[in-house]
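Input: a single structure, listed below in structure tokens.
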Number of protein chains: 2
Amino acid sequence: MRRDVFQAIADPTRREIINLIAYKALNINSVSDHFEVSRAAIYKHIKILTECGLLEVKQKGRERYCEARLEKLDEVTTWVEQYRKTWNDRLDNLEEYLNNLQNK
Amino acid sequence: MRRDVFQAIADPTRREIINLIAYKALNINSVSDHFEVSRAAIYKHIKILTECGLLEVKQKGRERYCEARLEKLDEVTTWVEQYRKTWNDRLDNLEEYLNNLQNK
DNA sequence: TATAAATGAAACCTTTTGGTTTCATAATGG
DNA sequence: CCATTATGAAACCAAAAGGTTTCATTTATA
């Protein structure tokens, strides 16, 4: 299985899970309470997030708490940002072009 | 079908296509020349990228040129960056903790 | 200690993905 | 005008994804 961050955040449910636990660790049942699908389905999403390092699970008695490990999202930022200069330049060119049109 | 930017960039081949055309528009055959898989497969990837707005196709005679429309990647940046403060705070805390350890 | 709660994991199913081959169609270049 | 080039699109396929139900195991707790 491919288990990279890009694939992990491709699924909307997983993005919601990340959002849920971003500010407060929750145990697995609490996470799944927020969704319509079964606990087993959510469990699988959590497993995927764990496997790609976006989430860490910590045992606490019979519960297991999910903590976000969002540093891994840096990989995404890095990939996206490498193109920012290019697309900003293009937007600048468009702006310039429109300004020229207007000044005629 | 889901056709959002997150899903579009989940596939490594599609990320490579984006990279290929980021700085220079290429026609569909030229794009597919860079890959092992068939032209038909690449064509489908291009279609997906087009449908979610990351790519625009412009006819030029019998050829069709693919241009990157990377502004759409902003959606990804926005989503990721909403968490940056949190994870930076956590890293700061860790750093502080380590400094305290060292100073003892 | 017996029951309930929280989780792990297997078996199974349907839909989506990513790929293929094949054929049709529209411009181009001799 | 005809062969070639560039592309669109259909039919089909295997594997992966996302989901379900069911059952086992571990830990708390009345």
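Below, chains carry the letters A, B, ... as their sequence lines are ordered, and counting in each starts from 1.
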Restricting both atoms to N or O, compile the protein contacts to nucleotides 28-30 of chain C shorter than 3.5 Å, with distance only.
residue, atom, partner, partner atom, Å
C/dT28, O4', B/R62, NE, 3.4
C/dT28, O4', B/R62, NH1, 3.2

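- Among residues at least two apart or in separate chains, side-chain hydrogen bond (donor to acceptor under 3.5 Å, both in side chains) pairs with a member in residues 31-48 of chain A are A/R14-A/H45.
- Counting only distance, with no hydrogens or angles, the side chain of B/R15 and the backbone of B/I9 share a donor-acceptor pair below 3.5 Å.
- Residues satisfying the salt bridge (charged side-chain N to carboxylate O under 4.0 Å, His left out) criterion with B/K58, sequence neighbours excluded, are B/E67.
- Phosphate proximity of C/dG19 to B/H45: present, with a side-chain N or O under 4.0 Å from OP1 or OP2.
- When rounded to the nearest whole Å, the span between CD1 of B/I42 and C1' of C/dT21 equals 16 Å.
- Distance check, rounded to the nearest 0.5 Å: CG of A/L49 to CD of A/E56 gives 13.0 Å.
- One atom, CD1 of B/I28, and another, P of D/dT5, lie 17 Å apart when rounded to the nearest Å.
- Interatomic distance, A/W79 CH2 to B/L73 CG, rounded to the nearest 0.5 Å: 5.5 Å.
- For the pair A/F6 CZ and D/dA17 C1', the interatomic distance rounds to 20 Å; values are reported in whole Å.
- Rounded to whole Å, the distance from CD1 on A/I9 to P on D/dG18 is 13 Å.
- You won't find any donor-acceptor pair under 3.5 Å spanning the side chain of A/K47 and the base of C/dT7, going by distance alone.
- Atom pair B/R14:CZ and C/dT16:P shows a separation of 15 Å (rounding to whole Å applied).
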- Is there a side chain to side chain contact (heavy atoms under 4.5 Å, CB included) between B/L55 and B/C66 once you walk through the steps? CA-CA 6 Å; B/L55 188 154; B/C66 306; 3.9 Å; yes
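- Across residues 32-40 of chain A, A/V37, A/S38, A/A40 each have a non-hydrogen atom less than 4.0 Å from an atom of DNA chain D (numbered order).
- We find that CD of A/Q59 is positioned 9 Å from P of C/dT7, with the value rounded to whole Å.
- Among the nucleotides D/dA6, D/dA11, D/dA17, the one closest to any side-chain atom of B/N29 is D/dA6.
- For the pair B/Y43 OH and C/dT22 C1', the computed distance is 15 Å after rounding to whole Å.
- Among residues at least two apart or in separate chains, salt bridge (Lys or Arg N to Asp or Glu O under 4.0 Å) pairs with a member in residues 73-83 of chain B are A/R84-B/D74, B/E81-B/R84.
- At least one donor-acceptor pair closer than 3.5 Å links the side chain of A/T50 to the backbone N or O of A/I46.
- For A/E16, there are no salt bridge (charged side-chain N to carboxylate O under 4.0 Å, His left out) partners two or more places apart in sequence or in a different chain.
- Atom CG of B/D4 and atom P of C/dT17 are 10 Å apart (whole Å).
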